[in-house]
Amino acid sequence: MTSPPASDSTPITIDITGQSVRGVLHNNTTARALIDQLPLTLTFRDHGGQEKIADLPAPLTLEGMPAGSDAEPLTIGYYAPEQALVLYYEYVGHFNGIVRIGTFEDLAAVRDQGGGFTATLDLAP
């Protein structure tokens, strides 16, 4: 699949158990690497009562990205040490390895998912 043209952001959908959550991926190297892997169906699990995390099938590039960041609720992130996609629903302080790659719009749709759940990320129609 080819990447969409570079712009400020790329609209995506995150389909969680039949519910569609809108989001955007930023125009940075790590987000573009994720776009190249879409569509993706991932299994998420809760981590620390702050985030939902899923293992990616291939690592994302970190070229030009800072060594770490913090994450506000509604952030889509990449956690490089675990090669994982993260949907943050609580504030997470600064950690090396956190890369902010986008945002999503429906906090409750992510936060309220119990246990493990499957979600499909794709470019928005």
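In this structure, the separation between CG on Leu107 and CG on Leu74 is 5.0 Å, given to the nearest 0.5 Å. One finds the NE2 atom of His26 at 7.0 Å from the OG1 atom of Thr75 (value rounded to the nearest 0.5 Å). With rounding to the nearest 0.5 Å, the separation of CG in Asp106 from OG in Ser20 is 10.0 Å. Taking CD of Gln19 as the start and OG1 of Thr13 as the end, the distance is 12.0 Å to the nearest 0.5 Å. The structure places OG1 of Thr30 at 11.0 Å from CD1 of Ile35, a figure rounded to the nearest 0.5 Å. The distance from the CD1 atom of Ile76 to the CG atom of Leu87 is 6.0 Å, given to the nearest 0.5 Å.
In this structure, Tyr78 contributes its side chain and Leu60 its backbone to a donor-acceptor pair below 3.5 Å. Panel note: side chain Thr29, backbone Glu63; a donor-acceptor pair is recorded below 3.5 Å. When atom types are taken as modelled, the side chain of Gln83 and the backbone of Leu56 share a donor-acceptor pair closer than 3.5 angstrom. Listed for the Lys52 side chain is no donor-acceptor partner under 3.5 Å among the backbone atoms of Phe117.
Other residues, nucleotides and ligands contribute at most 12 non-hydrogen atoms within 6.0 Å of the CZ atom of Arg22. In the displayed structure, Phe95 atom CZ is contacted under 6.0 Å by at most 12 heavy atoms of other residues, nucleotides or ligands.
Asp70 has a carboxylate O that lies under 4.0 Å from a charged side-chain N of Arg100, or vice versa, which qualifies the two as a salt bridge.
Among the candidates Ile98, Val110, Val92, the single residue satisfying the side-chain contact (heavy atoms from CB on, under 4.5 Å) test with Glu51 is Val92. The only option from Asp122, Leu38, Leu34 that meets the side-chain contact (heavy atoms from CB on, under 4.5 Å) definition with Ile12 turns out to be Leu38.
Using a 4.5 Å cut-off between side-chain heavy atoms of Ile, Leu, Val, Met, Phe, Trp and Tyr, with links allowed through other members, Phe44 and Ile16 fall into the same hydrophobic cluster.
Glu72 and Tyr88 get closest at one heavy-atom pair: O-CB, 3.7 Å.
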Walk me through it: do Thr103 and Val24 pass the test side-chain contact (heavy atoms from CB on, under 4.5 Å)? CA-CA 6 Å; Thr103 60; Val24 295; 3.3 Å; yes
